[in-house]
Amino acid sequence: MKHFNRYLVTAALPYANGPVHIGHLAGCYLPADIYVRYLRSKKTDVKFVCGTDEHGVPITIKAMQENVNPQDIVDKYHKIIKESFDAMGISFDIFSRTSNQVHHETAADFFLKMYKDGLFEEKESEQYFDEIKQVFLADRYIIGTCPNCGNDKAYGDQCERCGTSLSPEELINPRSALSDAVPVKKKTKHWYMPLQNYEPWLKEYIIEGHKEWKNNVYGQCKSWLDSGLHSRAMTRDSNWGIKVPLKDAEGKVLYVWFDAPIGYISATKELTDQWADYWCKEDTRLVHFIGKDNIVFHCIIFPAMLKAHGGFVVPDNVPANEFLNIEGEKVSTSRNWAVWVHDYIKDFPDQQDILRYVLCATAPETKDNDFTWKDFQDRNNNELVANLGNFVNRTMVLMHKLCGGKVPVMHAGVKDAADDAIFTMLQEAKTKISDSIENYRFRDALNEVMNVAREGNRYLQEKQPWILAKTPELQAQNQEVIDNCLHVCLQLTANLAIFINPFLPFTAKKICHMLKVVEKMLEWENAGSMKLVSVGYSLRPPELLFKKVEDDQVKAQVEKLHAGLQQSAAAQAAAAPVVAPPVKEAKAEIQYDDFAKLDLRVGTITAAEKVAKADKLLKLTVDLGTETRTVVSGIAMHFKPEDIVGKQVTLVANLAPRKMKGIESQGMILMAEDKDGRLVFVNPDDAVAPGSGVS
RNA sequence: UGCGAGGUAGAGCAGAGGUAGCUCGUCGGGCUCAUAACCCGAAGGUCAGAGGUUCGAAUCCUCUCCUCGCUACCA
């Protein structure tokens with residue numbers, strides 16, 4: 001086993017076109033932070049670097065859409081992202097950004113060195129170009145009609161309605177997503193990196209050299225290497241990014257995936273003059289924490305770049321996590337289905353450790369996982385409050401009641417097997433926790449810490465010092481046993497602080513405060529010691545480490561999630577130009593009397609549920625003010641029951657009742673349907689009293 | 001389509017040929033120092049499905065189904 005004298009830990013550079021959500025934390029930043037905090041507590045030489053990734057096409061697009069400069073976008077999100085991480089206790093040594101001067105120089109130099117060594121191929125190709133906006137268009141930014149299903153909003157790479165993968169050539173009536181211009185082909189030159197040249201080395205490095213990598217990472221790498229690598233363009237046509245440092249390269253920038261990982265190097269340079277120790281010395285262990293979408297870049301392309309450039313260490317491990325879903329559905333930033341970190345911090349002030357705990361305990365280490373607010377509540381209330389928090393609280397309260405608020409003496413004479421067992425248990429726990437963290441099994445490690453607290457509760461239950469204190473006539477002989485028990489519990493509490501520190505640093509600090517010990521006690525080498533708090537020392541009054549999460553908080557968060565989804569859908573509907581629906585064949589003219597036969601009323605949906613054994617039907621309860629109607633409506637494919645409760649709708653109130661799936665439907669709800677088959681409620685512009693007539 | 005990862009008690013996970021295990025929830029009992037918290041016990045699983053190898057399969061092989069990712073210009 002190779003010995004490392006220093007560590008460099010990186011966490012994926014968040015892309016500066018939006019804030020960070022809890023999936024980001026769980027997948028990458030939190031495990032990285034736990035790992036680093038653990039290493040620091042072992043006094044390991046470690047640097048933890050990160051920063052925002054501020055280049056690439058999506059940022060320029062967003063800027064165009066919002067009519068601002070790309071710089072404005074990245075400034076805004078750099079600030080939000082940095083504040084989120086700070087608040088959550090993600091302890092980067094530096095949180096930089098790829099728009100910094102140092103990075104521009106570093107990345108340009110890196111490219112130039114490879115260029116001078118003749119490691120790029122120059123190739124000309126034809127790319128689509130938007131003549132109005134004067135930019136080249138990535139496939140994704142060409143929109144047209146899908147030849148397969150007729151969707152007129154298909155992208156140049158894929159139709160999202162029928163799932164067919166496409167190329168821009170196949171689109172009928174293609175146009176630029178930016179300007180509506182018809183894209184034209186234009187020749188352009190780019191610099192390619194022949195990745196296939198590094199294949200033998202990559203195989204040796206990964207397939208032979210890193211069999212210990214996680215299954216998902218190793219399997220994915222093997223799959224790429226087995227299927228053969230190709231040349232890949234390392235430059236793009238754009239004005240936003242790092243200018244290609246060559247004479248004939250006007251309007252060209254480095255491909256964002258070329259420049260972004262170099263950001264790790266630039267950030268280290270900004271952090272310390274000794275940066276080269278961390279990047280160039282063979283006894284440095286380089287570890288990249290990322291999400292599973294980034295595997296190819298960190299395991300194949302970046303190592304190939306480092307190898308090609310020469311003089312750098314390559315990653316020793318890339319512990320990529322899978323994805324975290326929210327309430328059973330995939331996170332989607334565009335649909336606004338996410339729990340944003342800056343929102344959490346506002347809604348749960350000073351409770352960062354609950355989120356850290358839940359995200360670590362349910363981290364998607366081996367497969368995609370689900371975050372639910374109910375689970376968040378359960379884990380907090382049943383595990384943090386009832387187990388860890390409760391043990392510390394019991395210990396502190398009993399110490400104050402039975403030992404005069406001071407750390408009691410350990411009386412050798414009445415020391416028993418149970419006391420010794422705690423000592424042994426701590427030694428074993430220390431080994432297990434170290435071992436798990438060092439092998440990137442953070443869930444296991446955290447579970448083991450909680451086991452220590454559980455053992456503490458069990459020990460206390462077995463000793464029952466509160467019973468011993470009830471017989472004053474035996475006071476003299478019982479007090480020694482009580483002293484020993486509380487002495488052990490207090491040492492155990494101090495040990496818990498050390499163990500939990502990498503995971504829940506805010507909590508560890510609180511325990512130190514109560515025990516009146518300095519934070520230096522949290523150093524890992526102290527774990528397992530029974531001499532952490534000194535005999536006779538008077539301690540502070542107990543304060544609760546965690547408080548319960550109430551039902552209404554859970555309810556509010558779930559509602560917020562759904563509200564965000566609807567808001568975003570509404571915003572998008574408003575922003576998107578309304579495509580005229582195909583003109584329905586005009587119906588025969590009617591007289592006013594025909595119209596007057598309709599009894600249209602506004603009602604409010606008070607309940608909604610899926611009809612069993614029917615894909616399309618929802619059973620709705622509609623309040624018409626004077627009465628309540630049950631209506632069966634064929635809208636289940638478009639709306640979730642919980643999303644439409646409270647909505648006002650227009651009801652045909654005098655339609656003859658009709659049974660569907662055994663339920664009598666007493667009316668019909670008016671819906672508008674557009675060309676894509678999307679349904680929208682036809683309802684009053686402003687809320688009106690239920691039962692209001694429509695004419 | 002191809003490739004990769006995953007599918008194990010209600011939930012989250014562990015187990016990689018030899019009596020299916022852990023945490024939480026549920027149920028029953030005990031305790032009262034503790035945030036109605038703590039402790040003990042119990043119930044709960046045709047290990048996605050089908051076939052095969054083996055004395056023996058959750059574990060190895062084959063096929064099928066489901067979820068997610070990648071499939072190279074979505075950063």
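The chains referred to below are lettered A, B, ... by the order of the sequence lines, with proteins before strands, and numbering in each begins at 1.
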Closest of B:rC31, B:rC24, B:rC70 to the A:I467 side chain is B:rC31
May I ask you to say what A:K463 touches in the nucleic acid, namely base, sugar-phosphate or nothing, with a heavy-atom cut-off under 4.0 Å?
nothing
Salt-bridge criterion met for A:D483 and A:K406 (N-O under 4.0 Å)
no
Closest listed nucleotide, where the reference is the side chain of A:V397 and the choices are B:rA72, B:rC38, B:rC33:
B:rC33
Donor + acceptor pair across side chains of A:Q377, A:N382 (<3.5 Å):
no
Rounded P spacing from B:rU35 to B:rA16 in Å:
43 Å
A:K214 side-chain N/O to A:E365 backbone N/O, donor-acceptor pair under 3.5 Å
yes
Between the side chain of A:N390 and the main-chain N/O of A:V385, is any donor-acceptor distance below 3.5 Å?
no
Within less than 4.0 Å of OP1 or OP2 of B:rG4, is there a side-chain N or O belonging to A:K292?
no
Nucleotide N/O to protein N/O under 3.5 Å, stretch nucleotides 14-17 of chain B:
unit_1 : atom_1 : unit_2 : atom_2 : d
B:rA14 : OP1    : A:R443 : NH2    : 3.1

Quick one: label A:N457 by what it contacts on the DNA or RNA (base, sugar-phosphate, nothing), any heavy atom closer than 4.0 Å.
sugar-phosphate
Counting only N and O atoms by type, is there a donor-acceptor contact under 3.5 Å from the side chain of A:R379 to the main-chain atoms of A:V358?
no
Does A:K186 make a cation-pi contact with A:F129 (under 6.0 Å, within 45 degrees of the axis)?
yes
N/O (side chain, A:K330) to phosphate O (OP1/OP2, B:rG69) under 4.0 Å:
yes
A:D350 vs A:K510, salt bridge (Lys or Arg N to Asp or Glu O under 4.0 Å): CA-CA, chis, key distance, verdict
CA-CA 12 Å; A:D350 290 318; A:K510 275 193 204 164; over 6 Å; no
Taking only N and O in the side chain of A:R394, is any of them less than 4.0 Å away from OP1 or OP2 of B:rU35?
no
Is the phosphate of B:rG25 approached by A:N382 (side-chain N or O, under 4.0 Å from OP1 or OP2)?
yes
Is any side-chain N or O of A:R454 closer than 4.0 Å to OP1 or OP2 of B:rC22?
no
Can you tell me which stems involve RNA chain B, if a stem is defined as three or more consecutive Watson-Crick or G-U wobble pairs, both distances under 3.5 Å?
B:2-7 with B:65-70, B:10-13 with B:21-24, B:26-30 with B:38-42, B:48-52 with B:60-64
Just checking A:Y218: base, sugar-phosphate only, or nothing, at a heavy-atom cut-off of under 4.0 Å?
nothing
Is A:K330 positioned over the aromatic face of A:F323, cation under 6.0 angstrom from the ring centre and no more than 45 degrees off axis?
no
Which part of the nucleic acid does A:G456 contact within heavy-atom distance under 4.0 Å: base, sugar-phosphate only, or nothing?
nothing
